[in-house]
Amino acid sequence: QVQLVESGGGLVQAGESLRLSCVASGRTFSSNAMGWFRQAPGKAREFVATINWSGGTTAYADSVKGRFTISRDNAKNTVYLQMNSLKPEDTAVYHCAARDRPDAWTDSVTYKYWGQGTQVTVSS
């Protein structure tokens with residue numbers, strides 16, 4: 001059974017940092033692109049960041065560019081999201097997801113596997 005489990009969320013103040021982790025089990029994802037998405041209350045899910053199978057290609061939403069960094073450790077079947085200079089508008093449930101393809105992509109429709117999410121709350 002394939003599982004993606006996120007961790008690292010929490011309550012922080014504006015300007016602080018968090019590091020999210022997503023551990024995959026049930027199969028290896030070393031050949032798959034991974035992504036982070038988020039959903040705030042009353043809003044649609046939105047793309048945050050994506051990384052290709054090797055980690056050599058990444059892409060970010062404009063709202064997080066320069067503040068967030070996505071990375072992966074294929075030996076650990078884990079993808080990370082380092083979030084710096086957090087803002088109240090970053091408050092959301094953050095989900096990691098895996099594609100069945102190696103290339104990074106921003107469209108959530110193309111992601112096959114999803115985690116349950118971890119809550120990130122940023123106070124002002």
Side-chain angles (χ1 to χ4, degrees):
Q1 180 182 359
V2 175
Q3 274 194 314
L4 301 178
V5 179
E6 303 94 338
S7 63
L11 171 63
V12 297
Q13 293 188 333
E16 294 184 339
S17 299
L18 281 174
R19 188 195 196 202
L20 305 184
S21 299
C22 172
V23 179
S25 62
R27 56 163 282 187
T28 179
F29 284 94
S30 58
S31 300
N32 300 76
M34 304 290 291
W36 285 96
F37 296 82
R38 66 188 182 186
Q39 187 164 19
K43 295 187 177 181
R45 182 170 57 194
E46 65 173 351
F47 163 75
V48 175
T50 181
I51 188 167
N52 76 330
W53 70 277
S54 68
T57 300
T58 59
Y60 299 90
D62 287 343
S63 59
V64 307
K65 203 171 293 183
R67 300 187 298 121
F68 290 12
T69 303
I70 188 171
S71 61
R72 66 190 299 161
D73 184 339
N74 285 340
K76 295 181 179 179
N77 229 19
T78 301
V79 64
Y80 305 97
L81 185 68
Q82 177 66 43
M83 306 186 296
N84 298 330
S85 302
L86 282 161
K87 304 175 180 180
E89 50 264 43
D90 295 319
T91 295
V93 176
Y94 283 71
H95 300 267
C96 76
R99 299 188 76 207
D100 257 351
R101 295 183 57 84
D103 47 321
W105 210 254
T106 63
D107 189 347
S108 65
V109 173
T110 69
Y111 286 75
K112 183 175 181 179
Y113 304 100
W114 290 84
Q116 291 298 309
T118 184
Q119 176 70 47
V120 172
T121 304
V122 185
S123 64
S124 57

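Everything numeric in this text was worked out from a predicted model, so none of it was measured. Counting from 1, the numbers follow the sequence of the chain as shown.
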Please report the shortest heavy-atom distance between Gly8 and Thr118, naming the atom on each side. N-OG1, 4.3 Å

Measuring from Glu46:CD to Ser108:OG, what's the distance to the nearest 0.5 Å? 11.0 Å

Rounded to the nearest 0.5 Å, what separates atom OH in Tyr80 from atom OG in Ser7? 9.0 Å

Do Phe47 and Val79 share a hydrophobic cluster, counting only Ile, Leu, Val, Met, Phe, Trp and Tyr and linking them when any side-chain heavy atoms are less than 4.5 Å apart? no

Would Asn32 and Arg27 count as having a side-chain donor-acceptor pair, cut-off 3.5 Å? yes

Enter the distance from Cys96:SG to Gln116:CD here, rounded to the nearest 0.5 Å. 10.5 Å

Are the side chain of Asn52 and the backbone of Ala104 linked by a donor-acceptor contact shorter than 3.5 Å? no

How close do Ser124 and Ala14 get, heavy atom to heavy atom, and via which atoms? CA-CB, 4.4 Å

Distance from Asn84 atom CG to Arg19 atom CZ, nearest 0.5 Å? 11.0 Å

Are the side chain of Trp105 and the backbone of Pro102 linked by a donor-acceptor contact shorter than 3.5 Å? no

Scanning both residues in full, the closest heavy-atom pair of Leu86 with Leu18 reads CD1-N, 3.9 Å

Distance in Å, Ile70 CD1 paired with Thr57 OG1, rounded so as to fall on 0.5 Å steps: 11.5 Å

Examine Trp114 together with Phe37 and report whether their ring centres are nearer than 6.0 Å. yes

So if you build clusters from Ile, Leu, Val, Met, Phe, Trp, Tyr with side-chain heavy-atom gaps below 4.5 Å, do Val64 and Ile51 land together? yes

Check whether any side-chain N or O of Gln82 sits under 3.5 Å from a backbone N or O of Phe68 as a donor-acceptor pair, and report yes or no. no

Output, in order, the C-alpha distance, side-chain angles, deciding distance and verdict of side-chain contact (heavy atoms from CB on, under 4.5 Å) for Glu6 and Trp36. CA-CA 10 Å; Glu6 303 94 338; Trp36 285 96; 3.8 Å; yes

Start with the C-alpha gap between Tyr94 and Arg38, add the side-chain angles, then the distance that decides, and say whether side chain to side chain donor-acceptor pair (under 3.5 Å) holds. CA-CA 4 Å; Tyr94 283 71; Arg38 66 188 182 186; 2.9 Å; yes

Arg67 versus Ser85, side-chain donor and acceptor atoms under 3.5 Å: no

Hey, could you give me the CG/OG1 distance between Asn74 and Thr28, rounded to the nearest 0.5 Å? 6.5 Å

Shortest non-hydrogen contact between Gly55 and Arg72, atoms and distance: N-CD, 4.0 Å

Of all heavy-atom pairs linking Val120 and Gly9, the shortest is CG2-CA, 4.1 Å

Does the side chain of Thr78 pick up a donor-acceptor pair with the side chain of Asp73 at under 3.5 Å? no

Do Val12 and Met83 sit in one hydrophobic cluster, given that two such residues count as connected whenever their side-chain heavy atoms are within less than 4.5 Å of each other, even indirectly? yes

NZ/Lys65: more than 12 non-hydrogen atoms of other groups inside 6.0 Å: yes

Scan side-chain atoms only and decide if Thr91 and Glu89 contain a donor-acceptor pair under the 3.5 Å cut-off. no

Are Val5 and Leu81 linked, directly or through intermediate hydrophobic residues, by side-chain heavy-atom contacts shorter than 4.5 Å (ILVMFWY only)? no

Run the side-chain contact (heavy atoms from CB on, under 4.5 Å) check on Phe29 and Trp53 step by step: do they pass? CA-CA 8 Å; Phe29 284 94; Trp53 70 277; over 6 Å; no

Are more than 12 heavy atoms, taken from residues, nucleotides or ligands other than Glu16, located less than 6.0 Å from that residue's CD atom? yes

Quick check: closest heavy atoms across Ala49 and Tyr60, and the distance to 0.1 Å? CB-CD2, 3.6 Å

Could you check whether any side-chain N or O of Gln39 sits under 3.5 Å from a backbone N or O of Ala44, counting only pairs where one atom can act as donor and the other as acceptor? no

May I ask whether Leu4 and Leu20 are part of the same hydrophobic cluster, defined by side-chain heavy atoms of I, L, V, M, F, W, Y residues being less than 4.5 angstrom apart, directly or through others? yes

